[in-house]
Every structure is written in structure tokens, then in C-alpha cells.
There are 2 protein chains.
Amino acid sequence: MRLATKRTRNTIQRKAVQEAIHSLAGQHPTASEVYAAVRERYPQLSLATVYRALHALVEQHAVTEMRVENVARYDIGMGSALSPIACPHHHIVCRRCGRVTDVCASAIPSPLLQAIGEAANGFQVDAHPIQFRGVCASCQVVPLS
Amino acid sequence: MRLATKRTRNTIQRKAVQEAIHSLAGQHPTASEVYAAVRERYPQLSLATVYRALHALVEQHAVTEMRVENVARYDIGMGSALSPIACPHHHIVCRRCGRVTDVCASAIPSPLLQAIGEAANGFQVDAHPIQFRGVCASCQVVPLS
DNA sequence: TTCCGTGCAAACGATTTGCATTAGT
DNA sequence: ACTAATGCAAATCGTTTGCACGGAA
């Protein structure tokens with residue numbers, strides 16, 4: 001279990017990770033993808049530091065984390081002005097190519113979520129992010145294997 | 001990538017795994033939890049075999065697989081008569097304790113899913129399973145850390 | 001008699017951590 | 001100065017795989 005520490009110092013590495021996340025906004029990069037992006041500018045920066053910076057940024061809500069098929073993916077926090085969807089949103093994962101698309105959270109009426117919560121023994125359901133699966137537009141034209 | 005093979009032989013190990021899944025129905029056990037259950041009766045059965053059996057059973061739709069926070073969890077296939085919810089259903093994961101609860105899929109109207117798909121550049125959204133997050137009834141009474 | 005399935009151990013990919021060192025504050 | 005953050009390598013966790021053997025078909 002990762003325990004919340006101060007995490008306050010503004011190091012160049014942390015700034016670099018934040019920049020990378022911004023430059024990859026909407027692409028939901030994995031830690032390794034962030035690492036690759038960061039390395040173009042700071043080749044000495046280590047993967048462990050990327051992980052630690054990502055955790056710090058998640059704690060500060062500057063970055064959001066999601067998990068798809070065993071790997072963590074990241075995106076800019078909802079507060080960020082650079083976000084393609086700078087509001088609460090859901091995620092749709094393509095069952096074929098694995099890409100993640102955002103959808104504004106307003107799509108799902110909250111009475112529906114309450115009903116679902118009651119159907120689940122009194123669960124209090126989060127309004128977002130809800131994770132959907134499906135087939136994205138580009139994969140729909142590809143014949144299945 | 002795991003390629004689909006014959007997987008036809010009815011070994012005692014495979015039957016043991018299937019029984020374990022049935023005895024743990026509705027609990028969404030991990031592979032290790034299935035392993036522990038199976039070992040009570042067959043102490044020599046290996047973890048690798050549990051994984052292989054689970055994959056085989058998923059292929060045959062006798063078992064369903066889901067992923068929560070980096071680990072695969074399993075449940076009996078929807079066709080099974082022993083299922084507490086023997087129909088298409090969604091999953092709600094408790095953000096505090098991690099437990100997974102099923103909710104019948106009929107709760108979400110399909111026009112809504114279509115609208116969501118269109119909002120996501122023409123995604124074709126699966127009717128189930130949709131993964132929700134929230135706080136389960138028992139965790140709601142526990143004060144946050 | 002085929003080969004598929006098993007058990008074991010080693011390999012794997014993603015993530016975390018211990019430790020000595022560096023660098024924000 | 002104080003101490004959080006870094007870089008490296010080793011450790012950990014869940015899962016998969018190579019290989020020789022055993023048991024369904």
C-alpha cells in the first residue's frame with residue numbers, strides 16, 4: 001500500500017512528466033509511454049522516477065489514473081484547462097485495439113445510477129468514471145480474426 | 001497472445017477448478033483464491049494448471065473473466081444454472097474494500113448505450129459488462145482513513 | 001499409441017522498493 | 001542544513017511458458 005507523503009518539491013523530473021502527460025493528453029499513455037516521451041528531452045530520467053512522479057501527480061489530482069487490462073494508464077486531471085474533456089467523463093475501451101476514448105459524464109442520468117446502486121444491495125455508485133467496452137469506429141470495418 | 005487450442009480433455013484437475021468456481025460463485029475469486037480452494041481437495045495441483053484450466057473454461061464460456069486493479073477475477077459463465085445472476089450483468093467494484101457485486105444488465109436502456117457510442121466517435125458499445133465503481137453498503141458505515 | 005494436459009521451475013512484464021547520492025526548500 | 005526526490009538495481013506480484021513426463025482418447 002502506497003502511503004501519502006508530502007510530495008511537494010517541484011523537481012525538473014516531475015515537471016517533465018507533467019509536460020509529457022499534457023503533450024499526450026487524450027491518448028491515455030501507459031507509464032512506459034510517458035517514460036519514452038520524457039526520455040526524448042531527459043535521457044537520464046529513470047522509469048522508477050516516472051512511476052513516482054505519476055503517483056505524486058495523481059495524489060495532487062493533476063493527473064488521473066485508470067486501469068485497462070493489467071496496465072495503468074494516465075491522463076491529465078479534470079481540472080486541467082488543456083484537457084480535451086475538461087470535465088468528469090467515462091471511458092470506453094475498444095475490445096479489439098485497446099484504445100481508450102473519453103465520453104462526457106453527463107450522458108448518464110443520476111437516477112439511473114441510484115437505481116443501479118439499489119439493485120446492488122445499497123451500493124453508492126460513483127457518477128464517473130464508468131468503464132465501458134465495445135468496438136471503436138476504426139475497428140468496426142476490420143474483419144474479425 | 002494466447003492462441004485457442006483444442007482444450008477438450010476432461011481431466012480431474014479441470015473438473016476440480018470448475019467445481020471450485022461453482023463453490024465460489026458470486027465471489028469473483030482471483031486465480032490464487034481458486035488455487036487455494038482447489039488445493040483443499042487436490043494438494044498436488046499446481047497454480048499453472050489452475051491458470052491453464054481457467055483459460056480453457058473461459059474459452060468454452062463455462063467461466064467469465066474480469067479484471068479489477070491488476071488482477072484477473074473469475075466467475076461462473078452466464079449459461080450456468082448455478083449463477084446467482086444467470087444472465088448478462090454489470091460489475092460494481094467497491095472503491096474501499098475491492099469487492100465486486102453483480103447487477104443485472106437490464107438496468108441500462110440500450111438507447112442510452114447508443115447515445116454514448118455516438119458521443120464517442122461512433123463506438124459500438126457492449127451492453128455488458130459495464131464496470132462501475134462506488135462504495136458498497138458495508139463500507140459506507142466505515143469512517144474513511 | 002497419440003498428443004493433450006500436468007507439474008515444476010524459470011521467464012516475464014508491470015510496478016515497487018532499498019539504498020546511497022543529489023538537490024529543492 | 002534538512003529531508004524529499006532521484007537513479008540504479010534488485011525485489012515483488014500476477015501470470016505465462018519450456019520441457020520432460022503421465023494419462024485421456
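Each chain gets a letter, A, B and so on, in the order the sequences are listed, and its residues count up from 1. Computed from a prediction, not measured in an experiment: that's the story for all the values here.
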query = B:Y74, B:L47: one ILVMFWY side-chain cluster at the under-4.5 Å cut-off?
reply = yes
task = Using atom NZ of B:K15 as one end and atom C1' of C:dT6 as the other, report the distance to the nearest whole Å.
result = 15 Å
inquiry  = Strictly below 4.0 Å: does A:T11 bring a side-chain N or O up to OP1 or OP2 of D:dT6?
reply    = yes
inquiry  = Heavy atoms from C-beta onward define the side chain here; which of C:dT15, D:dC2, C:dT2 lies closest to that of B:R9?
reply    = C:dT2
message = Contact between A:F132 and B:I116 at the side-chain level, heavy atoms closer than 4.5 Å - yes or no?
response = yes
query = So which heavy atom on B:V38 is nearest to which on B:A20, and how close?
reply = CG2-CB, 3.5 Å
inquiry  = For C:dT22 and A:Q13 - does any side-chain N or O of the residue sit under 4.0 Å from the phosphate oxygens OP1/OP2?
reply    = no
task = Of all the heavy-atom pairs spanning B:I130 and B:H90, show the shortest one and how long it is.
result = N-ND1, 3.2 Å
remark   = Residue pair A:S46/B:A48 against DNA chain D: nearer the 5' end by closest nucleotide is A:S46
Rounded distance (Å) that lies between atom P of C:dG5 and atom OH of B:Y51 = 19 Å
query = For B:I12 and B:A31, take the nucleotide of DNA chain D holding the closest heavy atom to each; which residue's nucleotide lies nearer the 5' end?
reply = B:A31
ask   = B:L47 CG to D:dC13 C1': how many Å, rounded?
value = 12 Å
query = Does a side-chain N or O from A:R14 land closer than 4.0 Å to OP1 or OP2 of D:dA5, or not?
reply = yes
inquiry  = I'd like to know if A:E69 pairs up with A:R133 as an ion pair, taking the criterion as any Lys NZ or Arg NE/NH1/NH2 lying under 4.0 Å from an Asp or Glu carboxylate oxygen.
reply    = yes
remark   = Rounded to whole Å, CD of A:E65 lies from P of C:dA14 at a distance of 15 Å
key: Nucleotide C:dG13, atom P - distance to CZ of B:R67 in whole Å   = 15 Å
message = Expressed as a whole number of angstroms, how long is the span from A:Y35:OH to C:dA14:C1'?
response = 14 Å
key: Atom-pair distance (CZ on B:R39; C1' on C:dT6), nearest Å   = 13 Å
Closest nucleotide among C:dT15, D:dG7, D:dT6 to the A:L45 side chain = D:dG7
request  = Give the rounded distance in Å between these two atoms: CD of A:Q44 and P of C:dT22.
outcome  = 14 Å
remark   = Ranking B:T49 and B:N70 by the position along DNA chain C of their nearest nucleotide, the one closer to 5' is B:T49
request  = Could you check which of D:dG14, D:dT6, D:dT17 has an atom nearest any side-chain atom of B:R52?
outcome  = D:dT17
inquiry  = So, does B:H55 get its side chain near the phosphate of D:dT15, meaning an N or O under 4.0 Å from OP1 or OP2?
reply    = no
